[in-house]
Every structure is written in C-alpha cells, then in structure tokens.
Amino acid sequence: MLRLHPYEYHRPETVDEAIALLVEHSGDVMPIAGGTDLVPNMKHKLFTPGHLVSLRGIAEMQDIAEDDDGFTIGATASLDRVARDARALRALPSLARACSLVSGPQLRRMGTIGGNVCLDTRCTYYNQTLFWRKALGYCLKKDGTACHVVKGGTRCVAAHSADTATALLPLEAELRIVGPDGERTTPITAFFTSDGVWNRRMEPGELLVSIRVPRPASNTRHSFQKLRARDSIDFPMLNLAVRVDFSEDHLVADLQMVASAMGSYPRRLGKMGVVAAGRWLTAELIDQLAQEAFRQCHPLDNMPIDAEWRRAMVPVLVRRALSEITD
Amino acid sequence: MHPFPGLVSGRDMREIIRFTVNGDLTETGVPTHYTLLETLRYILGLTGSKQGCDKGDCGACTVLLDGEAVLSCLLPVQEAEGRSVITVEGLAAGPHPSPLQDAFDLTGAAQCGFCTPGILCSASQLLSENQSPNREDIAQALSGNLCRCTGYTKIFEAVEVAAEATRLGLAPADVLTARRSSDTDSSTLAHFQSPQIVTGK
C-alpha cells in the first residue's frame, strides 16, 4: 500500500484559472492531468506538492481539431483518443501508433498526450519507493549527490521515456505553452534539455496547452518503433522515430532518425540524411543506416534491462522502421 | 463500525464527494489526498476492487468510470465527483452473477481471485463495445490486467463464453457444455470456486 501525502486539490475550468492557481501557490504546486505519471511518483515521495491543479475540467485543452495545414491536439486529449482518432490514424499514423503503444488500455484512457510529452525522466535508481531510495543513499536526480548509473557522474542521465515526444520530433510539432506572462510557441526540437533532473524547458506557472502538428507532405513517410520488456504495459527501453522524404522519382531526398529512452532527451541521430540522400531505399542502404545508428547509440544502465542488448536492438528497430516504410 | 478504522485519521483535511457508486447516489466525506480506490475500500467498505501494486502496473483496482475501465489507484477521488463508478460488486444487475461472472466461475478463470475484479471490469467494457470479440480483441482489452494464476487461457475462454451466451440468450453453462461436448475429459461442469470471488461480495 502506497499512501499519498496530504494536499489540496483544485479543479479550475479555464486555462487562466489554472495559471492563477499555479502562481498563487508557486513553489508548492503541480499541475495534474491524467495523473498516471505524477500519482505513482507522488506515492514514491518524488514530488510532495501541497496543492494540485487538475487540468481535466478545462474544456479548451481537450479538443482534437484538423484544418488544411495540420492538427491541433489539446494537451489533455487522452492517449486512447488520439490513438483511435480516425483523422490522426490517416494523416499521422506514426503518432497514433506511438499513442497506442504507451502503457496499457486503462492508463491510455487516463493518460494524456500533453502529460506524455512532459513525462518525468525515468531511472532504476529514481522510480522507487522512499524506503528503497533512502536505503541506497538517494541519487543525483532526487535528494542525493551521487549518480548510481555513471559512477562519479555529475549530470543526471535518467531516461527520457515519452513515446509520443519521440514520434512528434520528426513531425516538426510545435508546443503552445501558456504562462503568467502570456503565451509562446516552441518547436518540440527545442523543448528538451540534457539535464535528466528536469528535462523540459518550462518555467514555473507555465502549462502545455496544445500541440500543433503540421500535415506531413504527401511524399513523406513516418515510422515509430518501441522496444519494451512486455508489449502490454511497459515503458520504452528504446524508442525510434524515422522520417523519410522521397523525391518525385522515389529516391530518398532526406532521412531523419530520432532515438530515445537512452539519455535524458530524444536525440536526432547525425549523418542519416547525408548517407541516404539521392539513393534508393534498398536493403543495402537500410543495413548501412542500421549500422550507423548502432554506432551512434549508447544505452546506459539506467533501466533494469541489459544495456548491451538494448544497443544490439538499435539496428533491429531501424530495419523494422525502414522495412515498414518501404512496404 | 468503520471497516478499516486504523486507516482513517481524524486529523485529515476532508471534503465532501458526491458520486454514483454501483447505481447508488453517494455523498461522503473523504480525506482530500485519497484515491478513488482508497475511498471505495476504506470509506465505503467496497473491498472487491483490490489494492495490488498501488501504482498503476497490475490492473487489480480497475473500475468503470462512466463506463470506461480505468485504474482507481491512480485517480484522485475528486475526479469522480458527479460521475458514475461501477465496481465488481455492481457488475451484476440483480442478486445473481452476470453471464460474465458466471462464465469466469464455470471455466476456472477466477482462481486466487486477486486479479478477477479488475479483469471483470476490463472485460465488461470490451463486451459493451464488442459483442463478438476474437482472442486478439480480448487479449488487447485485458493487456493492462496482470494474472499470475491462469496463464490467461481460461480467462479468454470465459470472455468468449460470456459473449456467446449473451449473443444467443443462453446460460453460460449451456454454451460451455456445447463447446466441451467433443472433449474426452470433461463431460460434466463444476463451479470451480465459490461465487464470492467473481461477485466481490
């Protein structure tokens, strides 16, 4: 049995009300949407805010809207809704797939896409009960000074584990963030930092309100792959999102790969476009790209799954993704 | 007397929550930091829903919130305000087990019983949306519920039997008898466990 600490629960109905509450209780408050990440973390005493501001009652944050140029997905649209949305399935299959692969059915009905993008980083030495963490002398990410993953490390390397964020990077999504000083739009490529303690560029009092996903060009293909211990419920031990832009004569014009669930942010792999541009997407090229990805990816012992095996699976995911695209 | 007196402290900050539980309009004072699961079990005494991992992994606490199977261990109780909650205790409309509960009992899908209330809720939502699910549909719908006894085979069979019984308007026992008539090893059916396991009562 894992008990929560006492807190006061607020249920605003507009974004403005929510931000006013975040400002009023600044320093002792957190927003909560689906709660599927925050509630277990609070039960582990990783966060113990005196106030919670629920975003579930805010109608303007729930909509999924399509227009000629793309989609605007409300941050509190559930993962289940995005995964089943017929428009998203048609136009953004890699995102719909990423949503469908987060956790299990009950958690996808509760968890939101905005919450997934803002998911706290995860680590073997962090996502544990207070008793467990205390026994080990805590860690760099929470209450301690030592990293147990990288001995002597001074920078937290907890793993970015948000499936949807990985899929949104090559889709060139933009995040609409509203705060006490007004609103701003930031490309998701500039949202994450390499600091595993807090890897999102968001100021206190700010809320991710919606996600703008431009409509992919007709000659572009996307694929999303996830590796996890149990396909039914687990967090990723590897994430890979691939985007291929084809030229009119079906040669590769550009190719992007984003890998995650290794370090603290989803990372765009280098050289892929240079290697692939102007060539047919053949088995030989796929093999070459798989080896290049293997060379660039170095999973750490930040989750209880053998890091060497995870690295060996990188080229497997690359082949799966590119085979899906050539099919 | 309160079912779990030690768990409720007079010092806790409380608020009034109004919601419908198994069809009954309920209004009760709850410590503000309680989950829906804690409210069901320790305030209302509905101990059918189980507290397993208590952090969203196992699915034993699954209940229906406005018809959707969700995890009550991760739901702040305030989110149930004004909504309808169905737990395993409320799955049967009358005094007798529902066809789904009956099928679980008949096939041996309910063994130790710890995962059963959650699985019944997940399966109920599936059957409300899909009257003839195949094995893949059933496996998908139950993929957030861990069972360590059955290996799932009997659970899948129970959901199939319940779906078929409901479609054809037959008793689950008759459907199961027809399915097993060609088997050499089971000419008779037995209720494996007491019905308490599948009704949560």
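Chain naming here is simple, since letters A, B, ... match the order of the sequence lines and numbering starts at 1 in each. All figures in this text were calculated on a predicted structure; none of them were measured in a lab.
Contact of Leu52(A) with chain B is not made at all, since no heavy-atom distance falls under 4.5 Å. The part of Thr62(B) that comes within reach of chain A is its side chain, from C-beta onward, which places non-hydrogen atoms under 4.5 angstrom from that chain. Using a 4.5 Å cut-off between heavy atoms, Cys73(B) touches chain A through backbone and side chain atoms alike. Heavy atoms closer than 4.5 Å to chain A are found in the side chain of Gln51(B), but not in its backbone. Looking at His44(A), the atoms closer than 4.5 Å to chain B (heavy atoms on both sides) all sit in the side chain, from C-beta outward. Using a 4.5 Å cut-off between heavy atoms, Leu146(B) touches chain A through its side chain atoms alone. Only the backbone of Ala141(B) comes within less than 4.5 Å of a heavy atom in chain A; its side chain stays farther off.
Annotation: side-chain hydrogen bond (donor to acceptor under 3.5 Å, both in side chains) contacts of Glu136(B) (sequence neighbours excluded): none.
With rounding to the nearest 0.5 Å, the separation of OG1 in Thr36(A) from CG in Leu75(B) is 11.0 Å. Distance CG/Asp54(B) to CE/Met1(A): 7.0 Å, rounded to 0.5 Å. Between Ser232(A) atom OG and Asn145(B) atom CG the span is 10.0 Å, to the nearest 0.5 Å. One finds the CE atom of Met42(A) at 10.5 Å from the OG1 atom of Thr35(B) (value rounded to the nearest 0.5 Å). In this structure, CD on Glu79(B) lies 4.5 Å from CZ on Arg11(A), to the nearest 0.5 angstrom. Remark: Glu81(B) CD to Ser54(A) OG distance equals 12.0 Å, nearest 0.5 Å.
No more than 12 heavy atoms of other residues, nucleotides or ligands lie within 6.0 Å of CZ in Arg97(A), so this atom counts as exposed by the packing criterion. No more than 12 heavy atoms of other residues, nucleotides or ligands shown are found within 6.0 angstrom of CH2 on Trp198(A). Crowding of Arg167(B) atom CZ: a count of heavy atoms from other residues, nucleotides or ligands under 6.0 Å exceeding 12. Counting heavy-atom neighbours within 6.0 Å of His5(A) NE2, excluding the residue itself, gives a total above 12.
The shortest distance between side-chain heavy atoms of Arg3(A) and Glu38(B) falls below 4.5 Å. For the pair Leu74(B) and Pro40(A), the minimum side-chain heavy-atom distance is below 4.5 Å. Contact check for Pro105(A) versus Ser143(B): side-chain heavy atoms found under the 4.5 Å cut-off.
Each of Gly56(B), Pro76(B), Cys121(B) has some count of heavy-atom pairs under 4.5 Å with chain A, and the biggest count is that of Pro76(B). Between chain A and the residues Met13(B), Glu15(B), Gln125(B), the largest count of heavy-atom pairs under 4.5 Å involves Gln125(B). Listed options Ile233(A), Leu2(A), Asn41(A), Leu107(A) were ranked by heavy-atom pairs under 4.5 angstrom with chain B; first place goes to Leu2(A).
The interface of residues 13-27 of chain A with chain B, defined by heavy-atom distances below 4.5 Å, is empty.
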Using the side-chain contact (heavy atoms from CB on, under 4.5 Å) rule, take Thr32(B) and Glu8(A) through it: C-alpha gap first, then chi angles, then the decisive distance, then the call. CA-CA 6 Å; Thr32(B) 58; Glu8(A) 204 177 322; 5.8 Å; no

